[in-house]
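Accompanying notes for the structure given below.
Bear in mind that the values here come from a model prediction, so they are computed numbers and not experimental data.
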Amino acid sequence: MIRGIVFDMDGLLFDSERLVKRTWNEVGEILGLPGLGEHIRHTLGKNRRGRNEYFIRAFGEDFPFEAFDRENKRIFAGIMEREGMPVKPGARELLAYGRKQGYKIGIATSSSRNYAVEHLKGTGLYEYFDGGVFGDMVTRGKPDPEIYLAACESLGLEPGVCMALEDSPAGIRSASSAGMVPVMVPDLVEPTEEIRELAYAVCKDLWEVREIIGTINVVS
């Protein structure tokens, strides 16, 4: 029986990972690192620290973090100003359905609190959440279970009665290790056989997630 639903954000609620890939590719051209956006596949679900650790492994200790952060922020802000944050099809409806059915709704995103709250409020999704944890509130990022354990605690629920919705392999590993019911909705990366075994289900979109949730009774 499921009493709570905990959502990842980027790549699940927002179609933001493609925007990040575009941004990184533009930044890469400026920094002399063509194809930088392709590396996003190795950082999905990770927080800033995990991303930076990957950059060091991939490019060496002399990776230009200061220039990267400056140009990344500038270019991404420009895209947001021109295009806004795209909400995934079915996201708003799924959140409304979960609320109506009496589930507690949480978020567990590797993004910083300021970034996440800004875009959740800007898209009108913030009001659906009862609690959650952001990437700058934990010590260890996904695939460590810390963020999902903390998110369940913020809802006042045990992990075993919470479903986790994720688009990344790191997120599925995190939720599984936390003892939750992981459901994957792939975005940029398709699940391996290992990830499929860890997931309760793999759905093609958020509309399919709603169908799965609809078969589970709410525990009062």
Side-chain angles (χ1 to χ4, degrees), residues 1-14 16-17 20 39-58 65 69 91 94-95 98 103-121 125-126 128-189 191-192 194-203 209 213:
M1 292 293 186
I2 300 300
R3 297 180 61 188
I5 307 169
V6 182
F7 289 75
D8 176 46
M9 188 180 74
D10 292 295
L12 183 89
L13 292 174
F14 297 148
S16 51
E17 288 173 351
V20 172
H39 290 266
I40 190 176
R41 298 174 180 273
H42 303 285
T43 66
L44 295 177
K46 299 183 183 296
N47 59 15
R48 181 187 180 94
R49 179 179 177 181
R51 182 205 68 183
N52 288 352
E53 289 173 350
Y54 170 77
F55 282 162
I56 290 173
R57 291 196 302 272
F65 286 107
D69 288 339
L94 179 56
L95 286 164
Y103 292 98
K104 286 194 173 182
I105 308 295
I107 194 161
T109 174
S110 297
S111 293
S112 69
R113 181 184 182 90
N114 287 342
Y115 170 91
V117 171
E118 175 187 352
H119 292 296
L120 288 170
K121 286 185 174 180
L125 301 186
Y126 188 76
Y128 290 105
F129 293 94
D130 301 301
V133 178
F134 307 95
D136 50 2
M137 295 171 63
V138 295
T139 303
R140 299 175 300 277
K142 302 172 186 178
D144 189 275
E146 180 184 4
I147 192 168
Y148 271 114
L149 292 172
C152 293
E153 184 177 358
S154 77
L155 297 178
L157 296 173
E158 292 296 319
V161 297
C162 292
M163 177 179 288
L165 300 181
E166 270 285 352
D167 71 291
S168 73
I172 291 294
R173 291 190 182 98
S174 175
S176 176
S177 296
M180 301 173 70
V181 178
V183 173
M184 186 175 187
V185 185
D187 186 37
L188 295 183
V189 175
T192 62
E194 173 214 354
I195 296 301
R196 287 184 178 276
E197 290 178 3
L198 292 177
Y200 173 79
V202 176
C203 299
V209 172
I213 294 175

Original post:
Once you round to the nearest 0.5 Å, how far does CG of Asp8 lie from CG of Leu165?
Top reply: 9.0 Å

Subject >> side-chain contact (heavy atoms from CB on, under 4.5 Å) against Ala151, all qualifying residues, sequence neighbours excluded >> reply: Val6, Ala108, Val133

**OP:** Mark yes when over 12 heavy atoms from residues, nucleotides or ligands other than Tyr200 sit less than 6.0 Å from its OH; otherwise mark no.
**Re:** no

**OP:** Compare every heavy atom of Thr109 with every heavy atom of Ala116, then report the nearest pair and how far apart it is.
**Re:** CB-CG2, 4.1 Å

Subject >> Worked verdict on Asn47 versus Ile147 for side-chain contact (heavy atoms from CB on, under 4.5 Å) >> reply: CA-CA 11 Å; Asn47 59 15; Ile147 192 168; over 6 Å; no

**OP:** Using atom types as modelled and distance alone, determine if a side-chain donor or acceptor of Lys104 lies under 3.5 Å from a backbone N or O of Leu155.
**Re:** yes

Original post:
Could you go step by step and tell me if Ile213 and Leu94 meet the side-chain contact (heavy atoms from CB on, under 4.5 Å) rule?
Top reply: CA-CA 9 Å; Ile213 294 175; Leu94 179 56; 3.9 Å; yes

Original post:
Would you say the side chain of Val183 lies within less than 4.5 Å of the side chain of Cys203, judging by non-hydrogen atoms?
Top reply: yes

Subject >> Results of side-chain contact (heavy atoms from CB on, under 4.5 Å) for Lys46 - residues two or more places apart only >> reply: Pro143

Subject >> More than 12 heavy atoms of other groups within 6.0 Å of Arg113 CZ >> reply: no

**OP:** Could I get the full list of salt bridge (Lys or Arg N to Asp or Glu O under 4.0 Å) partners for Glu17, not counting sequence neighbours?
**Re:** none

Subject >> Distance in Å, Leu157 CG paired with Met180 CE, rounded so as to fall on 0.5 Å steps >> reply: 9.0 Å

Original post:
Quick one: are Leu120 and Phe14 in side-chain contact, heavy atoms under 4.5 Å?
Top reply: yes

Original post:
How far apart are the closest heavy atoms of Gly132 and Met137, and which atoms are they?
Top reply: O-CE, 4.4 Å

Original post:
Closest heavy-atom contact between Gly171 and Tyr148?
Top reply: O-CE1, 3.8 Å

Subject >> Separation of Phe55 CZ from His42 NE2 (nearest 0.5 Å) >> reply: 10.5 Å

**OP:** Quick one: list whatever passes side-chain contact (heavy atoms from CB on, under 4.5 Å) with Ser168, sequence neighbours left out.
**Re:** Leu44, Glu166, Ala170

Original post:
What distance separates Ser174 OG from Asp144 CG, expressed to the nearest 0.5 Å?
Top reply: 6.5 Å

Original post:
What's the spacing between Glu53 CD and Arg48 CZ if we round to 0.5 Å?
Top reply: 12.5 Å

Original post:
Would a 4.5 Å heavy-atom cut-off, applied to side chains only, mark Pro182 and Arg173 as touching?
Top reply: no

Original post:
How far apart are the closest heavy atoms of Tyr115 and Ser16, and which atoms are they?
Top reply: OH-CB, 4.4 Å

Original post:
Where do Asp10 and Ser111 come nearest, in terms of heavy atoms and distance?
Top reply: OD2-OG, 2.6 Å

**OP:** Considering non-hydrogen atoms only, spot the tightest contact between Val202 and Ala199 and give its length.
**Re:** CG2-CB, 4.3 Å

Subject >> Main-chain N/O of Gly45 paired to Ser110 side chain as donor or acceptor, under 3.5 Å >> reply: yes

**OP:** Would you please name every residue forming a side-chain contact (heavy atoms from CB on, under 4.5 Å) with Thr43, sequence neighbours left out?
**Re:** Trp24, Ile40, Arg51, Tyr54

**OP:** Answer whether the closest heavy-atom distance between the side chains of Ile105 and Leu95 falls below 4.5 Å.
**Re:** yes

**OP:** Go through the structure and list residues passing side chain to side chain donor-acceptor pair (under 3.5 Å) with Ser176, not counting sequence neighbours.
**Re:** none

**OP:** Report yes if some heavy atom in the side chain of Leu12 is under 4.5 Å from a heavy atom in the side chain of Asp187; otherwise report no.
**Re:** no

Original post:
Between Glu194 and Ile172, does a side-chain contact (heavy atoms from CB on, under 4.5 Å) hold up when you go through it step by step?
Top reply: CA-CA 10 Å; Glu194 173 214 354; Ile172 291 294; over 6 Å; no

